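None of these values were measured; they are calculated from a predicted model. Within every chain, numbering begins at 1; the chains are lettered A, B, ... in the order of the sequence lines, protein sequences first and strands thereafter.
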Amino acid sequence: MSILNPHFSKRLISWYLDNKRDLPWRKTVSPYHIWLSEIMLQQTRVAQGLPYYLKFINAYPTVQDLANSPEDEVLKLWQGLGYYSRARNLHATAKMVTEDMNGVFPDNYKNLLKLKGVGEYTASAIASICFNEPQAVVDGNVYRVLSRVFGISTPINKGNGPKEFKILAQQLIDKKQPGTFNQAIMEFGARHCVPRNPDCNSCIFNDSCVAFQKNEVEELPVKIKAKPVKKRYFNYLVVLSENENTILKQRIGKGIWHKLYEFPLVETSEEVDIEDLKNLPQFQDFSENLDIRSISLFNEEAVVHKLSHQHLYTRFWIIETPKGSQADIPISEINNYAVPVLIENFVSEFFENY
DNA sequence: AACCCGGGGAT
DNA sequence: ATCCCAGGGTT
């Protein structure tokens with residue numbers, strides 16, 4: 001017999017009050033601050049998101065400040081945090097709240113869901129924490145805690161798995177303190193019921209946890225495996241003019257790093273040498289109106305930039321041009337542009353002693 | 001329903 | 001290497 005509501009929530013919240021971390025967004029119920037923290041923490045660890053949260057509330061004390069900032073500036077502050085659609089949607093929502101909603105966030109789950117970048121999880125988090133609405137959150141922590149404590153082997157990322165867990169979480173939530181319950185179950189998953197080697201012997205649920213009793217803790221939750229990563233081959237064309245200018249392009253359309261900046265890119269299906277590169281139509285388009293004095297390869301060994309779903313084998317080609325070429329961005333100003341970490345790493349290495 | 005979207009930390 | 005992280009949008 002598994003643990004029943006309300007014993008589950010009482011035990012959980014008691015644990016939380018004794019063990020919760022002291023985090024800045026736990027000192028407020030301001031929808032702007034809670035919303036900002038929740039967007040940043042999507043698929044992102046607290047330790048990684050925290051410095052960005054502090055940067056943002058410092059740069060943008062209010063939603064109006066965020067709305068009035070140029071998108072490029074928001075992306076620059078977001079640089080390095082990944083999943084950049086979050087930053088674009090964040091900015092769009094700030095403008096919507098400021099311009100169309102009189103600067104006031106929606107105060108309930110249903111209307112919060114209408115905001116760009118706010119899905120079921122985030123709407124539930126804001127509604128429960130800021131407005132005391134009993135909407136249960138279901139994130140990676142919740143899947144893990146519930147699948148183990150209740151011995152549920154339904155895959156969390158297939159079919160009606162998500163719905164099944166949402167229903168259970170909704171049955172368990174403490175309707176008098178939904179925000180505390182939601183944060184408690186996530187904190188418990190993050191700090192105690194961890195993915196690997198959890199300390200079940202000291203767990204508050206070890207008298208009732210189905211997975212512990214059946215020795216299935218390591219098998220839960222069940223998750224369908226992702227497809228293997230794709231390999232891609234990037235050749236960045238790093239222009240260096242005699243007067244120390246370069247060329248940056250903003251990425252457009254679909255795909256990774258939308259709206260971030262990078263050097264002109266030639267993608268190939270495999271690694272290429274300098275002669276292959278020169279014969280590629282993309283390179284010929286690039287060099288059409290460019291007076292190239294020399295081309296040299298910066299890194300013989302490709303830099304492998306690893307994303308969740310693709311590995312980018314990257315080589316940087318240094319292309320020297322005379323003064324007054326098309327290169328229009330002073331090298332010293334590259335740092336003003338939002339660039340992928342891959343580019344940032346190259347820039348800091350290459351130009352460190354330039 | 002399947003696929004795409006980053007970067008980093010833990011094991 | 002592999003897994004996972006306070007998920008959401010698009011197709």
Self-check item: A:E301 and A:R315 ion-paired at < 4.0 Å
Solution: no
Quiz item: Salt bridge between A:D72 and A:K259, side-chain N to carboxylate O under 4.0 Å?
Solution: no
Rounded interatomic separation in angstrom, taking [atom1] from [X] and [atom2] from [N]:
X      : N     : atom1 : atom2 : value
A:F165 : C:dA6 : CZ    : P     : 17 Å
A:I156 : B:dA1 : CD1   : P     : 16 Å
A:H311 : B:dG6 : NE2   : P     : 15 Å
A:N157 : B:dC4 : CG    : C1'   : 15 Å
A:K20  : C:dA6 : NZ    : C1'   : 15 Å
A:Y52  : B:dG6 : OH    : P     : 13 Å
A:K306 : C:dT2 : NZ    : C1'   : 10 Å
A:I224 : C:dC4 : CD1   : C1'   : 16 Å

Practice problem: Between A:I256 and A:G159, name the one whose nearest nucleotide on DNA chain B is closer to the 5' end. | Solution: A:G159
Quiz prompt | Nearest-nucleotide 5' precedence on DNA chain B, A:K230 against A:Q48 | solution = A:K230
Out of [options], whichever nucleotide has its closest atom nearest the side chain of [X]:
X      : options              : result
A:K227 : B:dC4, B:dG7, C:dA6  : B:dC4
A:N197 : B:dG7, B:dT11, C:dA6 : B:dT11
A:R144 : B:dC3, C:dC4, B:dG7  : C:dC4
A:K225 : C:dG7, C:dA6, C:dC3  : C:dC3
A:Y84  : B:dC5, B:dG7, C:dA6  : B:dG7
A:A190 : C:dG7, C:dA6, C:dC4  : C:dA6

Select base, sugar-phosphate, or nothing to describe what [X] touches, counting heavy atoms under 4.0 Å on all strands.
X      : result
A:V118 : sugar-phosphate
A:Q310 : sugar-phosphate
A:N182 : nothing
A:L81  : base
A:K223 : sugar-phosphate
A:V142 : nothing
A:G255 : sugar-phosphate
A:R191 : nothing
A:S308 : base
A:T122 : sugar-phosphate
A:W78  : nothing
A:G80  : sugar-phosphate

Exercise. Please say whether more than 12 non-hydrogen atoms of neighbouring residues, nucleotides or ligands are located less than 6.0 Å from CG in A:N215.
Key: no
Quiz item: Do other residues, nucleotides or ligands put more than 12 heavy atoms under 6.0 Å from the CD atom of A:Q177?
Solution: yes
Quiz item: What integer number of Å spans the P atoms of C:dA6 and B:dC4?
Solution: 24 Å
Practice problem: Determine the Euclidean distance between corresponding P atoms of C:dG8 and B:dG8; express it in Å to zero decimal places. | Solution: 22 Å
Quiz item: Toward the 5' end of DNA chain C, which comes first, A:G119 or A:K254, by nearest nucleotide?
Solution: A:G119
Below 4.0 angstrom from OP1 or OP2 of [N], is there any side-chain N or O of [X]?
X      : N     : result
A:H258 : B:dC5 : no
A:W257 : B:dG7 : yes
A:Q43  : C:dG7 : yes

Quiz item: Ring-on-base stacking between A:H309 and B:dC4, under 5.5 Å between centres and under 30° between planes: is it there?
Solution: no
Distance alone, cut at 3.5 Å: any donor-acceptor contact between the side chains of [X] and [Y]?
X      : Y      : result
A:E262 : A:Y236 : yes
A:N111 : A:K114 : yes
A:T122 : A:Q42  : yes

Quiz prompt | Passing candidate, side chain to side chain donor-acceptor pair (under 3.5 Å) with A:Q310, options A:K231, A:K230, A:R232 | solution = A:R232
Under 3.5 Å, is there any donor-acceptor pair linking the side chain of [X] to the base of [N]?
X      : N     : answer
A:R196 : C:dC4 : no
A:T44  : B:dG6 : yes
A:R86  : C:dA6 : no
A:Y83  : B:dG6 : yes

